[in-house]
There are 2 protein chains.
Amino acid sequence: MRRDIFQAVADPTRRAIIVLIALQAMTPNAIAEHFDTTRQAVSKHLRILTECELVKQEQQGREIYYSLEINKMKEIDKWLEQFRKIWETRFNQLDKVLSTIKKQKK
Amino acid sequence: MRRDIFQAVADPTRRAIIVLIALQAMTPNAIAEHFDTTRQAVSKHLRILTECELVKQEQQGREIYYSLEINKMKEIDKWLEQFRKIWETRFNQLDKVLSTIKKQKK
DNA sequence: TATATTTGCAACCGGTTGGTTTCATAAACA
DNA sequence: TGTTTATGAAACCAACCGGTTGCAAATATA
C-alpha cells in the first residue's frame, strides 16, 4: 500500500476535501454534502488523508471533526523548492537577455 | 483517461524522471539506465508526462531528447499558494502568542 | 543494401483504486 | 430502554495503473 502525500493529492476529490477543511474543521457528513458521492466514499478518502498525516481528527461526542494538518502540505512545497531555483534562474537569464536587447537598441 | 499534473507527479518514478531531466535534456535510453525498469516502461512514463505538457521533446536524428517544461511545474506551486497564505498567517499568530508570552515574562 | 540502434505502440497481466452496498458500533435522545 | 444519528469497516466490482514482452518504423552505419 503506497501511501505518500503526492499520491494523496493526486485525486481531485481529495484535493477538494483538503481545500474544504483547510480553514475550518468539518464532520464526514458535512464534507460529503459537498460532493456527488456517498458518505462512505468520503470516509475512505479521509482515511487515506489520515494515513499520510495530512488530516487530524477531533472527536466530539459521536461526531468527528476533521481538519487539515497544514504543516504536512509544506512537504510538497519542499519538493518544489528545487524547481523554484531553476525557474528563478531562467527568469534572471531572460532578464539579462532583455536588458541586452534594450542596450543594443540604444 | 484522467491526466493532470497532480496525477503525473503521484508516481515516484515519474518524479525521479522529472528531477533527472530538469537540468539537461536526455534520451529515453539514457533515462532508463537510471532505473530498474525496462526502457518501454520509461517510455510510457514519458508519454504521460508529455500528455500533460510537463515535458517537451526535441528530435535529433533517431534520438529524441526529453526535457522538463519547468513552467508547468508552477501549476502545483499555484495550487499550494492558498495554503501558503494559511501557514504564514498561522506563523504570524504563533509569533503574536510568543511575543505576548515574552511581554508577560517581563 | 543489409544490419544495428533508437524509439513508440499494442497486447497482455496482476495489483491498486475509487466507488458502491451492507453491516457493526457508539453516542444522543425520546 | 428502544430509536435515531454519526461513523468506520468489510466485501465486492469495474476501471485504471505500471509493468512486461513482442513488434513495427525510422535513422545511422557497415
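All figures in this text were calculated on a predicted structure; none of them were measured in a lab. First the proteins, then the strands, lettered A, B, ... as listed; each starts at 1.
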Legend entry - 5′-ward residue of the pair A:Val42/B:Gln57 relative to DNA chain C: B:Gln57
Inset, instruction - May I ask you to evaluate whether B:Asn29 reaches the phosphate of C:dT5, defined as a side-chain N or O under 4.0 Å from OP1 or OP2? - result: no
Legend entry - Phosphate OP1/OP2 of C:dT17 contacted by A:His45 side-chain N/O (<4.0 Å): no
Please pick, from [options], the nucleotide with the shortest atom-to-atom distance to any side-chain atom of [X].
X: B:Tyr66; options: C:dT20, D:dG18, C:dT7; value: C:dT7
X: B:Glu63; options: C:dG19, D:dG8, C:dT6; value: C:dT6
X: A:Gln7; options: C:dT17, D:dT20, C:dC23; value: C:dT17
X: A:Lys44; options: D:dT20, C:dG19, C:dT7; value: C:dG19
X: A:Thr38; options: D:dT21, C:dA4, C:dT20; value: C:dT20
X: A:Arg47; options: D:dA9, D:dT20, D:dT5; value: D:dA9
X: B:Ala41; options: C:dG18, D:dG19, C:dT7; value: D:dG19
X: B:Thr37; options: D:dT20, D:dC17, C:dT7; value: D:dT20

Whole-Å distance between [N] [atom2] and [X] [atom1]?
X: B:Asp4; N: D:dC17; atom1: CG; atom2: P; value: 11 Å
X: B:Gln60; N: C:dT5; atom1: CD; atom2: C1'; value: 16 Å
X: A:Asp11; N: D:dC17; atom1: CG; atom2: P; value: 12 Å
X: A:Arg15; N: C:dT17; atom1: CZ; atom2: P; value: 16 Å
X: A:Asp36; N: C:dG19; atom1: CG; atom2: P; value: 10 Å
X: A:Ile64; N: D:dG8; atom1: CD1; atom2: C1'; value: 8 Å
X: A:Phe6; N: D:dC17; atom1: CZ; atom2: P; value: 19 Å
X: A:Leu46; N: C:dG18; atom1: CG; atom2: P; value: 13 Å

Inset, instruction - Run the salt-bridge test on B:Arg84 and B:Glu81 with the 4.0 Å N-O cut-off and return the result as yes or no. - result: yes
Inset, instruction - Specify the residue among B:Ile48 and B:Gly61 whose closest nucleotide of DNA chain D lies further upstream toward the 5′ end. - result: B:Ile48
Legend entry - pair B:Gln59-B:Ile64: side-chain heavy atoms closer than 4.5 Å: yes
Common cluster, [X]/[Y], ILVMFWY with side-chain heavy-atom separation under 4.5 Å:
X: B:Tyr65; Y: A:Ile86; answer: no
X: B:Met73; Y: B:Trp79; answer: yes
X: A:Leu20; Y: B:Phe83; answer: yes

Legend entry - Sub-4.0 Å heavy-atom contacts from residues 18-28 of chain A onto DNA chain D, ordered by number: A:Thr27, A:Pro28
Has the side chain of [X] got a donor or acceptor atom sitting under 3.5 Å from an opposite partner on the base of [N]?
X: B:Gln40; N: D:dG22; value: yes
X: B:Arg62; N: C:dT5; value: yes
X: A:Arg39; N: D:dG8; value: yes

Legend entry - Where A:Ala10 and A:Arg15 come nearest, the two heavy atoms and their spacing: O-NH1, 3.2 Å
Inset, instruction - Test salt bridge (Lys or Arg N to Asp or Glu O under 4.0 Å) on B:Arg47 and B:Glu51 and set out the steps. - result: CA-CA 6 Å; B:Arg47 201 165 86 94; B:Glu51 271 171 16; 3.4 Å; yes
Legend entry - B:Asn71 side, atom CG; B:Glu53 side, atom CD - distance, nearest 0.5 Å: 11.5 Å
